[in-house]
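These notes are about the structure you will find just below.
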Amino acid sequence: MKNRILKTTRVFAGVGLSIGLGWITVRGVDWGLAIDNLSDASLLLLTVALFIFMAAALLRAIRWRLLFLDERPSVVRLFIVQHEGLGLGNIMPVRIASELTQLWILTTRDGVKPSTAVAAIGMERVVDLISSSSILALALILIPEIRPLAPYVWVTIFFAVAVIIGIKVFEWGGGVLQSRIPFIGSLANSLISLTSDRILLTKSLVLSLGYWVLVGISAWVVAIAVDLPVSPVMATLVIIGTIFFATTVPAAPSAIGSFHFAVVHILGLIDIDKSDAFPFAVIIHLLFFIPPTILAAIFLPREGFSFRKWYPETKGTNLS
């Protein structure tokens, strides 16, 4: 009962915060100018941006495959699983729906050991955090124009360091608890194997940097399509900052409101007017959220997932 109340409270808090941030975002927007910017956007450039974004997603699947120790599903399979989780997470009020969906599919449909799947899913998030923090830190040093973003960059770097320390603590604690809780021990061993393989981590970090570069280029192409004066580097930084914010704070499904707020706010720090920034935020949001949602709608029913019941028809994964 308490868990249900807590979950309901989180959902309402997320929706309420999204509504509030959305209202702050649209307040003061010149709707005539914003609509003109949207209607004048180049469809050709938007199509190019979509292809670049999907290429980035494929690179992300290649990177994810490296993080599986023994059982390694194919890149195409992981590309689909990734988007199944992301797509479902876009329409569910629960933030971890994406990871839970990916875990369920990998363990029940692909026969991956739960500890291996959890370690691969978790390490993917960690590698993303480290690579994006590195890009932000380097940009902060080399590009004077983004100095207004310094507080956000330091928060991201601090969070990344805290996560790395947490992994090391878990690896130590998992070894101690292995005899009492076998799954925790197996998960700790999987993480130790991943973090101790420097070649594997280097490859995954390089691929992760490539992923963020492609995502940034896709955002830059969208900026060109709506005639927004930002550089490729600035477009990349806006996207990294936005994704970090949208995935950290409570939000409505698809991060509606909070995503747009982050884009408009970050661009505002470099003197981009709301009426110019808001159309860019709308298109980027659609670019990031529609493809995974469509792919999830196509492939999840084939996995045995029932949208009508809102949970997998197969019972929960046995983490033992």
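The first residue of the sequence shown is numbered 1, and numbering continues consecutively from there. What you are looking at is a predicted structure, and each value in this text was computed from that prediction instead of being measured.
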Can you tell me how far the [atom1] atom of [X] sits from the [atom2] atom of [Y], to the nearest 0.5 Å?
X      : Y      : atom1 : atom2 : result
Ile294 : Asn90  : CD1   : CG    : 11.0 Å
Ile105 : Glu303 : CD1   : CD    : 4.5 Å
Leu33  : Asp40  : CG    : CG    : 9.5 Å
His285 : Ser258 : NE2   : OG    : 7.5 Å
Leu46  : Ile284 : CG    : CD1   : 9.0 Å

Going through the checks in order, is the side chain to side chain contact (heavy atoms under 4.5 Å, CB included) test met by Arg77 and Arg65? CA-CA 10 Å; Arg77 176 59 177 162; Arg65 189 171 187 269; over 6 Å; no

What's the shortest heavy-atom distance between [X] and [Y], and which atoms?
X      : Y      : result
Pro114 : Leu103 : O-CD1, 4.2 Å
Trp64  : Ala120 : NE1-O, 3.3 Å
Leu267 : Phe280 : CD1-CD2, 3.8 Å
Val263 : Ala277 : CG1-O, 4.5 Å
Phe259 : Ala281 : CE2-O, 4.0 Å
Ser204 : Leu66  : N-CD1, 4.0 Å

Distance-only check: which donor-acceptor pairs under 3.5 Å involve side-chain atoms of residues 221-245, not counting sequence neighbours?
| from | atom 1 | to | atom 2 | distance (Å) |
| --- | --- | --- | --- | --- |
| Ser231 | OG | Met234 | N | 3.1 |
| Thr236 | OG1 | Pro232 | O | 2.9 |
| Thr242 | OG1 | Val238 | O | 2.7 |

Could you walk me through whether Asp273 and Asp276 pass the side chain to side chain contact (heavy atoms under 4.5 Å, CB included) test, one step at a time? CA-CA 5 Å; Asp273 187 79; Asp276 295 319; 3.9 Å; yes

Is the Phe278 to Trp31 ring centre distance short of 6.0 Å? yes

Is there a path from [X] to [Y] through hydrophobic residues (I, L, V, M, F, W, Y) whose side chains come within less than 4.5 Å of each other?
X      : Y      : answer
Phe288 : Phe51  : no
Ile130 : Phe158 : no
Tyr211 : Val206 : no
Ile290 : Ile283 : yes
Phe68  : Ile199 : no

Answer whether the closest heavy-atom distance between the side chains of [X] and [Y] falls below 4.5 Å.
X      : Y      : answer
Leu129 : Ser133 : yes
Leu295 : Met54  : yes
Leu106 : Thr116 : no

I'd like to know if the side chain of [X] and the backbone of [Y] have a donor-acceptor N/O pair within less than 3.5 Å.
X      : Y      : answer
Asp110 : Val112 : no
Arg60  : Ala56  : no
Lys274 : Arg27  : yes

List the atom pairs, donor and acceptor, that lie under 3.5 Å between side-chain atoms in residues 80-89 and the rest of the protein, sequence neighbours left out.
| from | atom 1 | to | atom 2 | distance (Å) |
| --- | --- | --- | --- | --- |
| Gln82 | NE2 | Glu124 | OE2 | 2.5 |
| His83 | ND1 | Phe79 | O | 2.8 |

Side-chain donor-acceptor pair under 3.5 Å between Ser208 and Arg63, yes or no? yes

Are Leu67 and Leu200 close enough, and set up right, to give a side chain to side chain contact (heavy atoms under 4.5 Å, CB included), and what steps lead you there? CA-CA 8 Å; Leu67 300 176; Leu200 183 147; 3.7 Å; yes

Is the NZ or CZ atom of Arg302 positioned over Phe299's six-membered ring, under 6.0 angstrom from the centre and within 45° of the axis? yes

Could you go step by step and tell me if Val118 and Glu99 meet the side chain to side chain contact (heavy atoms under 4.5 Å, CB included) rule? CA-CA 9 Å; Val118 171; Glu99 288 79 5; over 6 Å; no

